[in-house]
*Asks:* 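I am attaching a structure below and will ask some questions about it afterwards.
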Amino acid sequence: MRRYLNTMSLKSKVTLAFVLLILLPFIVLGLYTYDQTQRYMRDQLIANSQMTLKQVKSTIENKIELIESVSNSITYNYRLQQFLAAPYSQANNSLDDYFSYAVPLINYAMLFQKINTEKISVYMSNETIPEGFGAFYHETKAIQEPWYDTFKHDEKKSLWVIRQSQELGETFGYMQKIISLEDRDLGFSLVDVRPSDLLDPIARIAESNRHIVLMDAQGRIRFPEGSGATDRAPSLKPPPSGSYVIHNNQLFISEPLKGLDLSMLMTITLPRSFGSLQVVTNLAFLTAMVLLLFAFYSVLKFALRKMKTSIGQMAHAIESGFEPIPNDRQDEFGVITEKFNLLLNKITVLMKDRIRQETMHKDAQFIALQSQINPHFIYNTLDMFSAKMELAGQFDVSDAMADFGKMMRYNMDNQFRFTTLEAEIRYLEQYMNLQKIKYGDNIELGIRVPDTLLPFQIIRFILQPIVENSIKHGFPQQETLRIELDISLQPDNTIRLSIHDNGPGIAPRRLLELNERFRTSAYTPSSSPLRESIGLGNINERLKLYYGEDYSIRLDSVPGQYAETILTIPYNAREEDSHV
């Protein structure tokens with residue numbers, strides 16, 4: 001066998017490989033795929049139909065429960081039971097009860113419901129009570145009904161029936177016995193609902209190949225009526241819930257309806273089998289493959305020869321400095337040659353752009369170094385003034401000038417949006433040193449922060465504006481303003497920053513208003529005298545921007561004792577600083 005394969009031409013080998021490795025496996029796979037597809041489509045159709053029928057069942061049963069709930073509200077009403085049990089007389093205000101309670105109870109039940117009931121009736125065994133209001137009848141009026149004897153002498157307290165009446169036509173009726181606490185029969189209530197209202201999900205699901213009918217235990221179709229429904233649902237026993245029956249290219253599935261003693265039977269027309277068409281298609285495909293096999297060889301031979309030539313041209317173009325390849329063909333090899341030439345041109349352009357970008361980057365670095373001269377001139381001038389004041393003995397002013405220079409350096413260094421807690425606290429201390437020039441010992445700052453949190457990255461400029469707000473609004477009269485900065489790691493993996501002052505605090509109504517505005521970002525217009533701090537609003541928006549809507553500023557206060565500003569930052573949100 002091996003010797004025979006060695007003597008075969010390349011075309012013969014390609015033919016044999018094509019037949020054994022491509023053609024025959026493809027045919028087998030095609031037949032298998034077709035069979036599995038048919039099975040899958042049938043299983044999907046059955047599963048989707050069962051799901052649809054269960055949804056329809058659930059919708060109808062929900063309506064049934066609503067109707068039964070309306071009936072319960074009437075049947076088990078204690079005051080109505082008292083009215084129906086007592087002898088009727090105008091002397092003991094029975095007429096008032098009739099007008100003020102019994103009749104409105106029925107009217108309210110008709111109005112306040114989620115399903116359109118056609119009528120609610122009460123049949124009374126107490127014949128001393130007069131009939132009236134289209135809802136109260138003597139029980140003797142129902143004696144002629146075919147269901148009356150069965151319902152009256154049955155131990156069941158409730159029953160669903162299909163009724164026929166001249167007044168309402170065909171309706172579904174839910175009857176429930178009214179029995180007093182003394183086990184006395186007072187009559188029964190009847191809630192009528194039209195089939196179109198109760199069974200409208202069945203009507204909505206009707207399609208050309210899918211229908212639903214209601215059948216009783218004897219296999220009779222009760223809804224919808226007509227010969228068309230009988231044709232779509234032939235006489236057969238509904239299959240159990242969760243199973244199906246296929247008969248005469250029809251799929252039948254059913255679900256029982258709780259309470260109605262009826263079953264929903266869905267009939268689905270199965271699509272016709274395409275098995276014969278698939279076989280013909282496979283045979284035609286096989287014939288076409290055999291006929292085109294010879295053309296395949298000649299094209300393959302030509303393609304291999306042209307491919308080898310193109311590879312040689314590409315190698316030469318790369319070695320010659322990305323020179324384009326001459327192209328005079330319009331077929332796929334011509335397209336490949338054209339795309340390769342386009343790639344060579346792109347590479348050439350990218351190389352030139354890269355050289356130009358590197359040149360521009362060096363120029364930008366040079367300009368950036370020059371732009372640093374002006375800020376450094378300001379820093380050096382402030383340092384010179386600080387040294388001059390120190391020589392003059394004005395040490396406090398010299399220290400303040402030095403702190404001011406450091407603050408300006410911190411403010412002008414806006415290359416990063418984030419900084420460390422340590423740098424932010426140092427900036428706050430420099431700001432407080434400047435405030436001490438004005439307030440002296442009347443202002444104090446206490447800081448409590450674990451050393452492990454000092455390297456933590458936070459957004460810049462969030463502590464100083466809050467402390468500035470505390471000084472502006474919280475400075476007590478003729479007392480020392482004590483500001484406490486407390487930073488701690490919480491059990492929920494967040495960092496809590498608290499700025500607490502002993503100022504006059506915030507009124508409760510104003511406190512609720514500010515917290516709500518910080519939560520919703522609905523700030524007071526700038527023209528209002530009650531405008532909250534612009535600095536706090538800016539911090540609040542930046543916190544929500546970088547960490548999320550749940551991390552807004554929260555204020556706490558007791559009027560006359562203290563005010564506290566609380567910030568919460570997720571401990572794991574260590575965003576890398578990005579350049580401006």
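Treat the numbers as computed from the prediction; the structure is a model and nothing was measured.
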*Asks:* Salt bridge or not between Arg517 and Glu513? Use side-chain N to carboxylate O under 4.0 Å.
*Replies:*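 Looking at Arg517 and Glu513, the cut-off is met.
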*Asks:* Within the side chain of Ser73, is there an N or O that forms a donor-acceptor pair under 3.5 Å with the backbone of Val70?
*Replies:*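 Yes, the answer is positive, given that a donor and an acceptor are paired below the 3.5 Å cut-off.
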*Asks:* Nearest 0.5 Å, what's the CD1-CG distance between Ile462 and Leu428?
*Replies:*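 Ile462 atom CD1 to Leu428 atom CG measures 11.0 Å (nearest 0.5 Å).
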*Asks:* Identify the heavy atoms of Ala102 and Leu80 that sit nearest to each other, and give their distance.
*Replies:*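 For Ala102 and Leu80, the tightest heavy-atom pair comes out as CB-CD1, 4.2 Å.
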*Asks:* Give the ring-plane orientation class for Tyr562 versus His500, where under 30° counts as parallel, over 60° as perpendicular and anything between as tilted.
*Replies:*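 Taking His500 first and then Tyr562, their aromatic rings lie parallel (interplane angle under 30°).
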*Asks:* Check this for me: Asp492, atom CG, are more than 12 non-hydrogen atoms of other residues, nucleotides or ligands nearer than 6.0 Å?
*Replies:*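 For Asp492, atom CG is crowded (more than 12 foreign heavy atoms under 6.0 Å).
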*Asks:* Near Gln490 CD, under 6.0 Å, is it more than 12 heavy atoms from other residues, nucleotides or ligands?
*Replies:*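 Yes - once you tally the heavy atoms of other residues, nucleotides and ligands closer than 6.0 Å, there are more than 12.
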*Asks:* Heavy-atom distance under 4.5 Å between the side chains of Leu265 and Phe252, does that happen here?
*Replies:*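 Yes, side chains in contact.
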*Asks:* Going by side-chain contact (heavy atoms from CB on, under 4.5 Å), name the residues that satisfy it together with Ile246, two or more places apart in sequence or in a different chain.
*Replies:*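 Per chain and number, Ile246 pairs via side-chain contact (heavy atoms from CB on, under 4.5 Å) with Arg42, Tyr244, Leu251, Leu270.
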*Asks:* Where is the tightest heavy-atom contact between Pro201 and Val56, given as atom of each residue plus distance?
*Replies:*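 Taking every non-hydrogen atom into account, CB-CG1, 4.0 Å.
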*Asks:* Look at the side chain of Thr59 and the backbone N and O of Gln55, then say whether any donor-acceptor pair between them is shorter than 3.5 Å.
*Replies:*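 Checking the backbone N and O of Gln55 against the side chain of Thr59, a donor-acceptor pair under 3.5 Å is found.
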*Asks:* Report yes if the side chains of Thr452 and Leu489 come closer than 4.5 Å at any heavy-atom pair, otherwise no.
*Replies:*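 No, every pair of side-chain atoms sits at 4.5 Å or beyond.
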*Asks:* Please assess Asn515 against Arg519 for the test side-chain hydrogen bond (donor to acceptor under 3.5 Å, both in side chains), listing each intermediate value before the final yes or no.
*Replies:* CA-CA 6 Å; Asn515 280 325; Arg519 186 183 66 84; over 6 Å; no
*Asks:* For the residue pair Lys141 and Tyr148, would you count it as a cation-pi contact if the rule is NZ or CZ under 6.0 angstrom from the ring centre and within 45 degrees of the ring axis?
*Replies:*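 No, Lys141 does not sit over the ring of Tyr148.
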*Asks:* Using atom types as modelled and distance alone, determine if a side-chain donor or acceptor of Asn62 lies under 3.5 Å from a backbone N or O of Ser58.
*Replies:*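 It does hold such a pair.
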*Asks:* Please confirm whether the backbone N or O of Ile67 pairs with a side-chain atom of Ser71, one donor and one acceptor, at under 3.5 Å?
*Replies:*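 No; judged by distance alone, with no hydrogens or angles, the pair does not exist.
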*Asks:* Indicate yes or no for a side-chain donor-acceptor contact from Lys57 to the backbone of Ser254 under 3.5 Å, with no hydrogens or angles considered.
*Replies:*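 Checked: no pair found.
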*Asks:* Would you check, one step at a time, whether the test side-chain hydrogen bond (donor to acceptor under 3.5 Å, both in side chains) holds for Ser498 with Glu484?
*Replies:* CA-CA 8 Å; Ser498 168; Glu484 298 286 345; over 6 Å; no
*Asks:* Is there a side-chain contact between Phe136 and Ile129 in this structure, where contact means two heavy atoms from C-beta onward sitting under 4.5 Å apart?
*Replies:*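 With C-beta onward as the side chain, the pair stays apart.
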*Asks:* Between Leu190 and Tyr137, does a side-chain contact (heavy atoms from CB on, under 4.5 Å) hold up when you go through it step by step?
*Replies:* CA-CA 11 Å; Leu190 174 61; Tyr137 303 94; over 6 Å; no
*Asks:* Determine whether Met266 and Thr52 make a side-chain contact, defined as any pair of heavy atoms from C-beta on separated by less than 4.5 Å.
*Replies:*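 A side-chain contact exists here, since the closest heavy-atom pair is under 4.5 Å.
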*Asks:* Decide side-chain contact (heavy atoms from CB on, under 4.5 Å) for Leu485 and Val449; before the verdict, give the C-alpha distance in whole Å, the side-chain angles of both, and the deciding distance to 0.1 Å.
*Replies:* CA-CA 8 Å; Leu485 171 61; Val449 55; over 6 Å; no
*Asks:* Supply the atom-to-atom distance Leu186 CG to Glu139 CD, rounded to the nearest 0.5 angstrom.
*Replies:*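 Atom-to-atom, Leu186:CG and Glu139:CD are 10.0 Å apart.
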*Asks:* Would you say the side chain of Leu84 lies within less than 4.5 Å of the side chain of Val122, judging by non-hydrogen atoms?
*Replies:*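 In short, these two side chains touch, coming nearer than 4.5 Å.
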*Asks:* Report the distance from atom CD1 of Ile553 to atom OG1 of Thr568, rounding to the nearest 0.5 Å.
*Replies:*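 The distance works out to 10.5 Å.
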*Asks:* May I ask you to decide whether Arg194 forms a salt bridge with Glu118, counting only side-chain N to carboxylate O separations under 4.0 Å?
*Replies:*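 Looking at Glu118 together with Arg194, the answer is yes, because their closest N to O distance falls below 4.0 Å.
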*Asks:* Restricting to non-hydrogen atoms, name the atom on Leu421 and the atom on Leu453 that form the minimum distance, rounded to 0.1 Å.
*Replies:*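 Heavy atoms only, the tightest pair is CD1-O, 3.2 Å.
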*Asks:* His153 and Asp149: side-chain donor and acceptor closer than 3.5 Å?
*Replies:*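 His153 vs Asp149: no donor-acceptor pair found between side chains.
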*Asks:* What's the verdict on side-chain contact (heavy atoms from CB on, under 4.5 Å) for Asp185 and Lys152, showing C-alpha distance, side-chain angles and the deciding distance?
*Replies:* CA-CA 10 Å; Asp185 182 12; Lys152 194 64 178 177; 2.5 Å; yes
*Asks:* Could you tell me the separation between the OG1 atom of Thr420 and the CG atom of Leu454, rounded to the nearest 0.5 Å?
*Replies:*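 The CG atom of Leu454 is 8.0 Å from OG1 of Thr420, to the nearest 0.5 Å.
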*Asks:* Below 4.0 angstrom, N of the basic side chain to O of the carboxylate: do Lys63 and Asp197 qualify?
*Replies:*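 A salt bridge is absent here (no side-chain N lies under 4.0 Å from a carboxylate O).
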*Asks:* Of the non-hydrogen atoms in Thr75 and Ser189, which two are nearest, and what is the gap between them?
*Replies:*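 Taking every non-hydrogen atom into account, OG1-OG, 2.8 Å.
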*Asks:* Can you tell me how far apart CG (Leu199) and CG (Leu214) are? Round to the nearest 0.5 Å.
*Replies:*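 So the CG of Leu199 and the CG of Leu214 are separated by 5.0 Å.
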*Asks:* Verify, without hydrogens or angle tests, whether Ser69 (side chain) and Glu65 (backbone) share a donor-acceptor contact under 3.5 angstrom.
*Replies:*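 Pair absent, no side-chain N/O of Ser69 close to backbone of Glu65.
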*Asks:* Run the side-chain contact (heavy atoms from CB on, under 4.5 Å) check on Leu555 and Arg510 step by step: do they pass?
*Replies:* CA-CA 10 Å; Leu555 300 179; Arg510 178 62 174 165; over 6 Å; no
*Asks:* With a 4.5 Å cut-off on side-chain heavy atoms, are Phe461 and Arg542 touching?
*Replies:*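 Arg542 reaches Phe461 side chain to side chain.
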*Asks:* On a heavy-atom basis, which atom in Ser557 and which in Leu511 lie closest, and how many Å separate them?
*Replies:*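 In this case the closest contact between Ser557 and Leu511 is N-CD2, 3.8 Å.
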*Asks:* Taking Thr480's backbone N and O only, do any of them form a donor-acceptor pair with Glu444's side chain (distance below 3.5 Å, no angle check)?
*Replies:*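 Here the side-chain-to-backbone pair does not exist.
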*Asks:* Tell me the closest heavy-atom pair linking Ser521 and Glu541, and the distance in Å.
*Replies:*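 Answer, listing the atom of Ser521 first, then Glu541: OG-OE2, 2.7 Å.
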*Asks:* Is there a donor-acceptor pair closer than 3.5 Å between any side-chain N or O of Gln81 and the backbone N or O of Ser180?
*Replies:*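 Pair absent, no side-chain N/O of Gln81 close to backbone of Ser180.
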*Asks:* Flag the pair Tyr571 / Phe456 as yes when their ring centroid distance falls below 6.0 Å, and as no otherwise.
*Replies:*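 Yes: the rings meet the under 6.0 Å criterion.
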*Asks:* State whether the side chain of Asn469 and the backbone N or O of Pro465 hold a donor-acceptor pair below 3.5 Å, judged by distance alone.
*Replies:*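 A pair under 3.5 Å: no.
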*Asks:* Check whether Tyr98 reaches the backbone of Pro130 with its side chain - one donor and one acceptor, N or O, closer than 3.5 Å.
*Replies:*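 The answer is yes, because a donor-acceptor pair under 3.5 Å joins these two groups.
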*Asks:* How long is the span from the CD1 atom in Ile495 to the CD1 atom in Ile458, to the nearest 0.5 Å?
*Replies:*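 Ile495 atom CD1 to Ile458 atom CD1 measures 8.5 Å (nearest 0.5 Å).
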*Asks:* Any side-chain heavy atom of Tyr78 sitting closer than 4.5 Å to one from Leu181?
*Replies:*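 Heavy-atom side-chain distance check passes, below 4.5 Å.
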*Asks:* Might you confirm whether atom CZ of Phe133 has over 12 heavy atoms from other residues, nucleotides or ligands at distances under 6.0 Å?
*Replies:*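 Count over threshold, so yes.
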*Asks:* Would a 4.5 Å heavy-atom cut-off, applied to side chains only, mark Leu159 and Asp154 as touching?
*Replies:*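 Not touching, per the 4.5 Å side-chain cut-off.
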*Asks:* List in chain and number order the residues that pass salt bridge (Lys or Arg N to Asp or Glu O under 4.0 Å) with Glu564, two or more places apart in sequence or in another chain; answer none if no residue qualifies.
*Replies:*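 So Glu564 forms a salt bridge (Lys or Arg N to Asp or Glu O under 4.0 Å) with Arg496.
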*Asks:* May I ask you to decide if the ring planes of Tyr123 and Phe188 are parallel, tilted or perpendicular, using 30° and 60° as cut-offs?
*Replies:*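 Because their plane-to-plane angle is under 30°, the rings of Tyr123 and Phe188 count as parallel.
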